[in-house]
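Heavy atoms only: backbone and side chains are in, while hydrogens, waters and symmetry mates are out.
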Amino acid sequence: MDPASQDINLNSPNKGLGVDHSENLSNVPVEGAVRNPANSLPPGMTEEEAEELRIELTKVEEEINTLRQVLSAKERHATELKRKLGLSPLNELRQNLTKSWQEVQTSNAYKKTQETLSQAGQKTSVALSTMGTAISRKLGDMRNSATFKSFEDKMGNLKYKVVGTRGNGEAASSPTDTTPSQENPPF
């Protein structure tokens with residue numbers, strides 16, 4: 001039977017491993033445990049109590065190893081199921097990012113930041129609109145000023161001297177000029 005699809009009883013450290021652990025476990029070395037009779041026992045502990053604790057430690061470490069094997073088998077099985085479903089690591093990453101982004105958007109910090117930025121944008125928009133209106137007003141005032149009118153008159157006189165007039169009121173143009181001239185320049 002395939003180890004990945006075995007039903008492993010988690011209450012038994014020997015079930016589903018395919019290995020017979022029925023031999024005496026007292027000869028198996030235990031990590032961190034020193035079985036040297038020269039070592040003294042902790043105060044107040046008898047040799048029988050120490051031996052019971054060693055046996056229990058061995059059983060617990062076997063259970064830990066069994067659980068590691070079970071976890072490994074379950075991970076392989078999950079990977080196989082994902083492969084059969086067409087779930088690639090890239091798709092999983094994309095789903096995780098989407099889920100994380102949705103969680104961020106629903107967080108209080110995001111909502112407060114969004115609200116603050118929205119208010120700042122509105123205030124900036126109002127400030128720019130006010131500034132645009134003020135600039136427009138100043139340019140209108142400048143156009144109506146005596147200095148600008150004097151400049152406009154001088155430019156009109158210069159245009160008249162350079163271009164001249166035609167009998168029908170149109171400005172004269174050179175044969176190479178392909179763009180019609182404007183009667184009133186924009187400024």
Trainee: So how far is it from L41 CG to E51 CD, rounded to the nearest 0.5 Å?
Mentor: 10.5 Å

Trainee: Might you confirm whether atom CD of Q105 has over 12 heavy atoms from other residues, nucleotides or ligands at distances under 6.0 Å?
Mentor: yes

Trainee: Backbone N or O of T58 within a donor-acceptor pair of the E61 side chain at under 3.5 Å?
Mentor: no

Trainee: Nearest 0.5 Å please: distance from the NZ atom of K123 over to the OG atom of S118.
Mentor: 11.0 Å

Trainee: Between CG of L139 and CG of N144, what distance do you get to the nearest 0.5 Å?
Mentor: 11.0 Å

Trainee: Give, for atom CZ of R76 and atom CG of L81, the distance between the pair rounded to the nearest 0.5 Å.
Mentor: 13.0 Å

Trainee: Before you tell me yes or no, could you show the steps for E56 and E52 under side chain to side chain contact (heavy atoms under 4.5 Å, CB included), namely the whole-Å CA-CA distance, both residues' side-chain angles and the distance that decides it to 0.1 Å?
Mentor: CA-CA 6 Å; E56 185 178 347; E52 286 179 20; over 6 Å; no

Trainee: Evaluate M45 against L53 for side chain to side chain contact (heavy atoms under 4.5 Å, CB included), listing each step before the verdict.
Mentor: CA-CA 10 Å; M45 184 178 286; L53 289 176; 3.4 Å; yes

Trainee: Rounded to the nearest 0.5 Å, what separation is found between the CG atom of N108 and the CD atom of E115?
Mentor: 11.0 Å

Trainee: Is the side chain of T116 donor-acceptor paired with the backbone N or O of K112 at a distance under 3.5 Å, no angle test?
Mentor: yes

Trainee: When rounded to the nearest 0.5 angstrom, what distance separates CE in M142 from NZ in K138?
Mentor: 11.0 Å

Trainee: With sequence neighbours left out, which residue pairs that include part of residues 78-89 fulfil the salt bridge (charged side-chain N to carboxylate O under 4.0 Å, His left out) condition?
Mentor: E80-R83, K82-E92

Trainee: Under 3.5 Å, is there a donor on one side chain and an acceptor on the other for R137 and T133?
Mentor: no

Trainee: Does S100 reach the main-chain N or O of N96 with its side chain, forming a donor-acceptor pair under 3.5 Å?
Mentor: yes

Trainee: Using modelled atom types and a 3.5 Å cut-off, is there a donor and acceptor pairing between side-chain atoms of T124 and backbone atoms of A120?
Mentor: yes

Trainee: Given 3.5 Å as the limit, does a donor-acceptor pair link the side chain of S107 with the main chain of V104, or not?
Mentor: yes

Trainee: Any side-chain heavy atom of T98 sitting closer than 4.5 Å to one from W101?
Mentor: no

Trainee: Hey, does K159 have a side-chain heavy atom less than 4.5 Å from the side chain of M155?
Mentor: no

Trainee: Do V163 and L158 belong to the same hydrophobic cluster, where Ile, Leu, Val, Met, Phe, Trp and Tyr are linked whenever their side-chain heavy atoms lie under 4.5 Å apart, directly or via other members?
Mentor: yes

Trainee: Is any side-chain heavy atom of L117 closer than 4.5 Å to a side-chain heavy atom of Q114?
Mentor: no

